[in-house]
Amino acid sequence: MYQAPRGTVDILPAEQSYWFYIRQKAAQTCQLYGYERIDTPIFESTNLFSRSIGKTTDIVEKEMYSFIDKGGKQITLRPEGTAPVCRAYIQHGMQNKPQPVKLYYTTPVFRYERPQAGRYRQHHQFGYEAIGDNDPALDAEVIDMAWFFFESLGLSKLTLLLNSIGCSKCRPEYLTSLRQYYHSYRNKLCVDCKVRLDKNTLRLLDCKKETCLPFAVTAPRSIDYLCHECKEHFRLLGGYLQQLGLPFLVNHCLVRGLDYYTRTVFEIQPQVGGAQSTIGGGGRYDGLIEELGGKSTPALGFASGIERIILNLKKQSVVIPPIHQPQVFIAHTSDRVKNEVTKLASSLRRASVGAFQTTSSKSLKAQLRQANNIGVRYVIIIGDEEIKTGAAILRNMTTGEQDIVSIAELLDKLLCQLQ
RNA sequence: GUGAGUGUAGCCCAGUGGUCUAAGGCGCCAGGUUGUGGCCCUGGAUAUCGAGGGUUCAAAUCCCUCCACUCACCCCA
């Protein structure tokens with residue numbers, strides 16, 4: 001028997017209410033904050049990702065779904081959403097539009113990893129990018145928007161973590177100090193951290209091993225090494241967030257795993273959770289557009305994992321509105337009336353009354369049972385006797401009451417009762 | 001890539017060597033009501049017991065290999 005590839009899932013009808021709900025809230029949020037939707041291809045040149053995310057990151061080193069197409073081109077299924085949006089910004093000359101350009105997307109994302117709770121090889125992200133403005137007020141807006149989005153979904157008890165990791169001017173000095181600091185504990189570090197020491201110094205702060213945690217606590221802090229501009233940016237951002245009443249926590253160990261981040265980085269986490277606690281995160285990437293061949297352009301963005309949001313909606317028992325289903329079921333008792341039934345069903349739908357219709361020859365009992373299981377409010381029953389008089393039985397499934405109504409009046413009556 | 005746990009019908013699961021041609025519950029189908037759902041009663045369909053190999057007179061049950069799933073590490077959403 002075939003089954004969905006490892007790390008992928010079928011999103012069955014029973015789950016779709018969550019997806020519809022989240023996408024709707026996402027679109028509403030974006031409308032309120034002035035973001036427009038963009039859809040970029042699901043695959044891009046491998047280069048785009050290796051250049052932007054960073055060659056030594058795990059994503060690029062071992063998690064990309066890459067292949068060579070029939071034209072010999074190196075192609076990669078998108079492992080994240082920011083780089084393609086930046087590529088589109090450059091390609092379509094969006095620097096000529098009023099800045100910042102605000103774009104959002106919901107899209108599948110592919111990473112070759114061992115699946116576990118809240119982690120898949122194909123997952124879905126809702127994200128947005130604000131490109132072309134370096135004002136910390138924009139950072140605040142982006143963070144506020146993420147917070148608003150989660151709040152509007154009904155999620156509570158969230159934690160907002162914030163940090164600044166500096167820019168190309170001030171970060172090298174910080175990295176040097178950090179490396180020096182960790183170097184003195186070198187033989188006490190875990191195997192992974194010994195590798196990080198040379199390869200990805202910032203990530204040393206992120207190690208969750210108990211033996212490494214104490215080193216992170218007393219490690220040099222990036223915010224103590226910020227240049228004047230970065231320091232000011234961070235100070236102003238903090239002020240805006242306070243004004244907005246967003247309860248942020250500065251976390252000196254928050255560094256994020258993609259190389260393109262500069263200055264502001266942030267994550268939003270639920271208070272309780274499994275290993276994959278982050279439901280959304282983002283930050284500034286002031287060097288990325290230039291790195292990808294555009295003009296030097298400041299920007300920042302945010303992305304959230306829809307599967308993880310659903311996980312938390314369930315954990316917090318948030319009630320999701322059901323997807324609207326037809327409220328009318330048309331049953332028939334004889335194949336001789338099928339013509340009438342088909343016509344009626346079609347005309348109801350054209351008048352915006354959703355209707356189920358049985359097409360096979362089932363017993364009336366079976367049809368009513370089905371109608372009951374679906375949960376429709378009304379069943380229209382048509383048989384030989386009704387057809388003779390141009391009438392139908394209209395049964396109210398909640399009360400069990402039923403009337404004989406002429407087919408001509410059915411629509412008006414239904415429209416009235418379904419109000 | 002590493003480690004641990006789990007694999008019995010669509011779903012939840014009983015069963016730890018012979019009474020298993022595999023029990024129960026949910027769901028599904030049908031009948032009880034010859035044109036009427038939900039409750040109840042009765043009946044029915046659906047399982048090469050994850051796959052392959054081995055031990056044994058005998059394997060869902062023990063052993064080996066593989067596969068899948070789950071959780072965790074790594075990393076991230």
Side-chain angles (χ1 to χ4, degrees), chain A residues 1-9 12 14 22 53-54 56-64 78-82 106-127 146 150 190-193 195-196 200 203 206-210 254-258 261 267-270 273-282 301-312 329 331-334 337 362-387 392-402:
Chain A
M1 185 167 59
Y2 287 111
Q3 58 189 91
R6 174 155 229 210
T8 69
V9 291
L12 299 172
I22 292 167
I53 298 168
T56 60
T57 57
D58 276 36
I59 292 179
V60 170
E61 279 193 335
K62 53 185 195 192
E63 294 176 3
M64 294 208 299
R78 111 173 92 220
E80 64 105 35
T82 300
T106 55
T107 178
V109 169
F110 306 86
R111 290 181 202 170
Y112 187 87
E113 305 176 89
R114 283 284 283 270
Q116 66 187 77
R119 204 179 69 182
Y120 305 91
R121 289 186 173 179
Q122 175 180 346
H123 76 277
H124 298 76
Q125 291 192 358
F126 157 56
F150 289 128
C190 72
V191 196
D192 294 323
C193 280
V195 178
R196 291 187 185 110
N200 205 334
R203 297 222 63 89
D206 216 17
C207 187
K208 287 158 209 137
K209 293 229 168 57
E210 270 186 43
L254 179 64
V255 295
R256 312 278 300 156
L258 288 71
Y261 285 114
E267 265 181 32
I268 293 173
Q269 302 181 350
Q276 272 67 44
S277 51
T278 301
I279 55 172
F302 165 83
S304 59
I306 297 182
E307 285 82 354
R308 287 193 190 170
I309 292 173
I310 294 174
L311 211 62
N312 282 280
F329 188 102
H332 65 269
T333 61
S334 142
V337 301
K362 286 187 186 176
S363 70
L364 181 59
K365 185 190 179 113
Q367 294 177 74
L368 280 165
R369 191 164 43 227
Q370 189 182 352
N372 184 60
N373 287 349
I374 293 168
V376 296
R377 287 165 64 191
Y378 293 95
V379 172
I380 296 167
I381 303 168
I382 298 180
D384 290 320
E385 283 179 33
E386 286 73 28
I387 283 294
I393 296 168
L394 181 60
R395 181 177 178 83
N396 181 324
M397 292 297 276
T398 317
T399 63
E401 287 164 4
Q402 54 187 45

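All chains are named by letter (A, B, ...) in the order of the sequence lines, taking the proteins before the strands, and each is independently numbered beginning at 1.
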What are the two closest non-hydrogen atoms of [X] and [Y], and how far apart are they?
X        : Y        : answer
A/Met64  : A/Pro79  : SD-CG, 4.0 Å
A/Gly118 : A/Arg308 : O-NE, 2.7 Å
A/Pro108 : A/Gln122 : CB-NE2, 3.4 Å
A/Lys362 : A/Ala366 : CB-CB, 4.2 Å

Among [options], which nucleotide has an atom closest to any side-chain atom of [X]?
X        : options                : value
A/Ile59  : B/rG35, B/rC76, B/rU33 : B/rC76
A/Arg395 : B/rC69, B/rU36, B/rA72 : B/rU36
A/Arg6   : B/rG35, B/rG37, B/rC69 : B/rC69
A/Ala117 : B/rA72, B/rC76, B/rG37 : B/rA72
A/Ala303 : B/rA77, B/rC71, B/rG37 : B/rA77

Round to the nearest Å and state the distance from [X] atom [atom1] to [N] atom [atom2].
X        : N      : atom1 : atom2 : value
A/Ile306 : B/rA77 : CD1   : P     : 14 Å
A/Tyr112 : B/rA77 : OH    : P     : 20 Å
A/Leu311 : B/rU70 : CG    : C1'   : 13 Å
A/Leu368 : B/rC39 : CG    : C1'   : 16 Å
A/Tyr2   : B/rA51 : OH    : C1'   : 16 Å
A/Glu307 : B/rU70 : CD    : P     : 13 Å
A/Phe110 : B/rC76 : CZ    : C1'   : 16 Å
A/Lys365 : B/rG38 : NZ    : P     : 7 Å

- Message: Using the side chain to side chain contact (heavy atoms under 4.5 Å, CB included) definition, which of the options A/Met397, A/Gln367, A/Gln370 pairs with A/Val379?
- Response: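 For A/Val379, the side chain to side chain contact (heavy atoms under 4.5 Å, CB included) test succeeds with only one of A/Met397, A/Gln367, A/Gln370, which is A/Met397.
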What I want to check is whether an N or O donor and acceptor connect the side chain of [X] with the base of [N] at under 3.5 Å.
X        : N      : answer
A/Glu386 : B/rG35 : yes
A/Asn372 : B/rG38 : no
A/Gln367 : B/rU36 : no

- Residue pair A/Glu386, A/Ile381: steps toward the side-chain contact (heavy atoms from CB on, under 4.5 Å) verdict: CA-CA 9 Å; A/Glu386 286 73 28; A/Ile381 303 168; 5.7 Å; no
When the [atom1] atoms of [M] and [N] are compared, how many Å lie between them, rounded to an integer?
N      : M      : atom1 : value
B/rA45 : B/rG10 : P     : 15 Å
B/rG15 : B/rA9  : C1'   : 15 Å
B/rG25 : B/rU36 : C1'   : 29 Å
B/rC29 : B/rA72 : C1'   : 43 Å
B/rU6  : B/rA47 : P     : 27 Å
B/rG5  : B/rU48 : C1'   : 26 Å
B/rG54 : B/rG7  : P     : 24 Å
B/rA23 : B/rA4  : P     : 36 Å

Complementary nucleotide of [N], counting Watson-Crick and G-U pairs under 3.5 Å:
N      : answer
B/rC28 : B/rG44
B/rG3  : B/rC71
B/rC20 : none
B/rC39 : none
B/rC66 : B/rG50

- Item | Heavy-atom check, side chain of A/Tyr112 versus side chain of A/Lys62, under 4.5 Å |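 A side-chain contact is absent here, since even the closest heavy-atom pair is not under 4.5 Å.
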- Applying salt bridge (Lys or Arg N to Asp or Glu O under 4.0 Å), run through A/Arg111 and A/Glu80 and close with a yes or a no. CA-CA 9 Å; A/Arg111 290 181 202 170; A/Glu80 64 105 35; over 6 Å; no
Using a heavy-atom cut-off of under 4.0 Å over every strand shown, decide if [X] touches base, sugar-phosphate, or nothing.
X        : answer
A/Thr107 : nothing
A/Glu63  : sugar-phosphate
A/Phe126 : nothing
A/Gly127 : nothing
A/Ile309 : nothing
A/Ile381 : base

- Working to the nearest 0.5 Å, report the span between CD of A/Glu307 and CD of A/Gln125.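 One gets 9.0 Å once the value is rounded to the nearest 0.5 Å.
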- Query: So how far is it from A/Ile380 CD1 to A/Phe329 CZ, rounded to the nearest 0.5 Å?
  - Reply: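 Output value for this atom pair is 11.0 Å.
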- Message: One pair to check against side-chain contact (heavy atoms from CB on, under 4.5 Å): A/Val9 and A/Tyr120. What are the steps and the verdict?
- Response: CA-CA 8 Å; A/Val9 291; A/Tyr120 305 91; 4.2 Å; yes
- Message: With a cut-off of less than 4.0 Å, is there a side-chain N or O of A/Gln116 near OP1 or OP2 of B/rA72?
- Response: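 Yes, because at least one side-chain N or O of A/Gln116 sits under 4.0 Å from OP1 or OP2 of B/rA72.
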- Query: Which residue lies toward the 5' end of RNA chain B, A/Met397 or A/Gln3, if each is placed at its nearest nucleotide?
  - Reply: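 Here A/Met397 is the residue nearer the 5' end.
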- Taking for each residue the nucleotide of RNA chain B with the nearest heavy atom, is it A/Pro115 or A/Gly305 whose nucleotide lies nearer the 5' end?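 Its nucleotide being nearer the 5' end, the pick is A/Pro115.
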- Item | From CA spacing to verdict: side-chain contact (heavy atoms from CB on, under 4.5 Å), A/Ile387, A/Ile382 | CA-CA 7 Å; A/Ile387 283 294; A/Ile382 298 180; 3.7 Å; yes
- Task: Kindly determine whether A/Ile309 and A/Phe150 satisfy side-chain contact (heavy atoms from CB on, under 4.5 Å), including the steps that lead there.
- Result: CA-CA 9 Å; A/Ile309 292 173; A/Phe150 289 128; 3.8 Å; yes
N/O to N/O distances under 3.5 Å, protein versus nucleotides 27-29 of chain B:
residue	atom	partner	partner atom	Å
B/rC28	OP1	A/Asn373	ND2	2.7

Nucleotide N/O to protein N/O under 3.5 Å, stretch nucleotides 4-13 of chain B:
none

